[in-house]
Amino acid sequence: MRRFVVVGHKAASSGNFKLEDMAGGAGRLDILIRCINSAFFLSHSIRKDAEIYLVMLGGEDAPKTVRIVGSEVKYLNPDERSTGALVRNALMMDVEDREMRSSPGIYVSRDSFYDVINRLSARSKIVYLRENGVDVQKAEFPEDVTFVLSDNQDLTSQEDDTLCSLNPAICSLGPYSYHADHCIIIINNELDRRGV
Ligand SMILES: C[S@@+](CC[C@H](N)C(=O)[O-])C[C@H]1O[C@@H](n2cnc3c(N)ncnc32)[C@H](O)[C@@H]1O
């Protein structure tokens with residue numbers, strides 16, 4: 001299982017936004033939507049061994065986490081608008097203390113970044129993707145691995161501290177700062193080549 005956790009620092013945590021305005025009023029939700037596409041889409045199929053957690057920290061209803069499971073997801077299409085609609089449906093749900101399913105393979109909860117990474121660290125190797133980490137090509141990954149990355153800004157120092165307290169591997173993907181969705185494609189390719 002390859003998993004991605006992406007923090008959307010201003011991403012809408014309620015469904016109260018227009019699909020035409022995902023890059024504006026929805027707090028750069030467009031970045032997270034592209035991350036979904038990068039995590040799951042192959043040319044003619046969906047990666048069933050992938051899962052993504054989108055941590056939404058924008059707006060008054062934050063935090064919320066939308067989780068998408070490749071082996072279950074339905075109605076996912078490559079265009080950003082329809083993926084945005086699926087995420088918006090999840091964010092429109094009246095979620096309380098338990099994770100809820102909004103459509104096949106799409107779940108929403110009130111989990112914070114801390115909740116998500118703490119829970120995952122009990123069962124998966126955590127890898128923090130950071131520009132100044134060690135070369136990813138020199139790192140080894142087990143079958144169950146979780147990559148944590150940020151949106152268009154770095155993790156805050158508090159998020160960084162929380163994540164580092166779990167002793168993650170810290171990996172760099174190359175000499176430049178890449179878009180989050182491109183990082184996911186690089187990782188998927190790296191794992192594909194290794195047959196993980
Ligand atoms: C667009 S970057 C974040 C903004 C960027 N750090 C800046 O302020 O210019 C999105 C995220 O992708 C990941 N990332 C980008 N480039 C990377 C690299 N070369 N190695 C590892 N992770 C990278 C990091 O998690 C980063 O927070």
Side-chain angles (χ1 to χ4, degrees), residues 1-13 21-41 47 50-59 62-68 70 78 80 83-84 87 111-121 124-142 144-194 196:
M1 171 66 75
R2 55 186 74 173
R3 237 180 252 103
F4 302 95
V5 175
V6 190
V7 182
H9 289 95
K10 295 186 177 156
S13 55
D21 196 25
M22 289 194 287
R28 296 309 312 267
L29 183 65
D30 61 314
I31 296 172
L32 305 192
I33 299 300
R34 283 193 290 278
C35 287
I36 296 173
N37 287 8
S38 298
F40 293 111
F41 283 112
R47 293 179 182 274
E51 185 178 34
I52 194 167
Y53 289 69
L54 306 172
V55 183
M56 320 295 208
L57 298 180
K64 274 194 196 155
T65 294
V66 173
R67 180 170 73 95
I68 306 180
E80 286 176 26
T83 306
V87 169
D111 285 351
S112 65
F113 177 60
Y114 179 81
D115 297 327
V116 169
I117 57 170
N118 243 352
R119 191 162 331 109
L120 289 174
S121 69
S124 180
K125 179 182 174 79
I126 304 289
V127 179
Y128 180 4
L129 292 179
R130 204 169 70 187
E131 286 86 337
N132 63 355
V134 301
D135 185 349
V136 73
Q137 294 185 343
K138 298 199 173 96
E140 295 197 358
F141 301 123
D144 195 309
V145 57
T146 299
F147 298 90
V148 180
L149 57 164
S150 192
D151 53 359
N152 59 333
Q153 54 185 270
D154 291 329
L155 292 185
T156 63
S157 58
Q158 197 183 349
E159 290 161 351
D160 182 277
D161 287 349
T162 303
L163 183 54
C164 288
S165 72
L166 299 173
N167 278 326
I170 303 180
C171 289
S172 163
L173 301 175
Y176 300 109
S177 186
Y178 305 110
H179 286 190
D181 56 319
H182 297 175
C183 292
I184 292 176
I185 288 178
I186 294 170
I187 287 292
N188 267 334
N189 182 259
E190 184 71 29
L191 296 182
D192 293 345
R193 286 166 173 270
R194 296 179 189 201
V196 176

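Along the sequence shown, residues carry numbers from 1. What you see is a predicted model, and the numbers here were worked out from it, not measured in a lab. Whatever order the structure lists them in is the order used to number ligands and atoms, beginning at 1.
Closest heavy-atom contact between N188 and S38: ND2-O, 3.0 Å. Taking every heavy atom of both residues into account, R2 and V196 meet most closely at NH2-O, 3.1 Å. Shortest non-hydrogen contact noted between G8 and L32 is CA-CD1, 4.0 Å.
Residue contacts with ligand 1: H179 is placed with no nitrogen or oxygen under 3.5 Å of a nitrogen or oxygen of the ligand (distance criterion only). By the 3.5 Å distance cut-off applied to N or O atoms, E131 is counted among the residues near ligand 1. For ligand 1, one of its N or O atoms has an N or O atom of G174 under 3.5 Å away. Taking only nitrogen or oxygen atoms, main chain and side chain alike, N152 does not reach within less than 3.5 Å of ligand 1.
Here the heavy atom of the protein found nearest to atom 14 (N) of ligand 1 is C183 SG, 3.3 Å. The nearest protein atom to atom 9 (O) of ligand 1, hydrogens excluded, is given as S177 OG, 3.8 Å; this is a heavy-atom distance. Regarding atom 10 (C) of ligand 1, its nearest protein heavy-atom neighbour is D151 O, 2.8 Å. Among protein heavy atoms, atom 6 (N) of ligand 1 sits closest to D154 OD1, 2.4 Å. Among protein heavy atoms, the minimum distance from atom 16 (N) of ligand 1 is reached at Y178 N, 2.8 Å.
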Taking distance alone, no hydrogens or angles, what donor-acceptor pairs closer than 3.5 Å link side-chain atoms of residues 161-169 to residues at least two apart or in another chain?
unit_1 : atom_1 : unit_2 : atom_2 : d
T162   : OG1    : Q158   : O      : 2.8
S165   : OG     : T162   : O      : 2.6

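For the atom pair CZ (R3) and CD1 (I52), the distance works out to 12.0 Å, reported to the nearest 0.5 Å. Annotation: the span from C35 atom SG to H179 atom NE2 amounts to 10.5 Å, rounded to 0.5 Å.
Within the listing of ligand 1, atoms 18 (C), 19 (N), 20 (N), 21 (C) sit less than 4.0 angstrom from a heavy atom of L173. For ligand 1, the atoms closer than 4.0 angstrom to any heavy atom of S172 are 20 (N), 21 (C). Of all atoms in ligand 1, numbered sequentially from 1 with element shown, those under 4.0 Å from a heavy atom of C171 are 21 (C). Within ligand 1, the atoms closer than 4.0 Å to a non-hydrogen atom of R130 are 20 (N), 21 (C), 22 (N), numbered from 1 in the order shown. Against a heavy-atom cut-off of under 4.0 Å, L149 is close to the following atoms of ligand 1: 25 (O). Atoms of ligand 1 found under 4.0 Å from any heavy atom of L129 (numbered from 1 in listed order, with element): 21 (C), 22 (N), 24 (C), 25 (O).
Residue-level proximity to ligand 1 for Y176 is carried by the backbone, the only part with a heavy atom below 4.0 angstrom. Contacts with ligand 1 closer than 4.0 Å are made by heavy atoms of both the backbone and the side chain of S150. For V136, no heavy-atom contact with ligand 1 is shorter than 4.0 Å.
Distance alone, capped at 3.5 Å, places no donor-acceptor pair between the D144 side chain and the S124 backbone. Without hydrogens or angle criteria, S172 side chain to D135 main chain gives no donor-acceptor distance under 3.5 Å.
At a 4.0 Å cut-off, not a single heavy atom of L155 sits close enough to ligand 1 to count as contact.
Between R130 and D154, no side-chain nitrogen of the basic residue sits less than 4.0 Å from a carboxylate oxygen of the acidic one, so the salt-bridge criterion is not met. Under 4.0 Å is where a charged nitrogen must lie from a carboxylate oxygen, and between R194 and D192 no such pair does.
Heavy-atom contacts from other residues, nucleotides or ligands closer than 6.0 Å to CD of E140 number 12 or fewer.
With hydrogens and angles left out, the side-chain atoms of D160 and S157 include no donor and acceptor closer than 3.5 Å.
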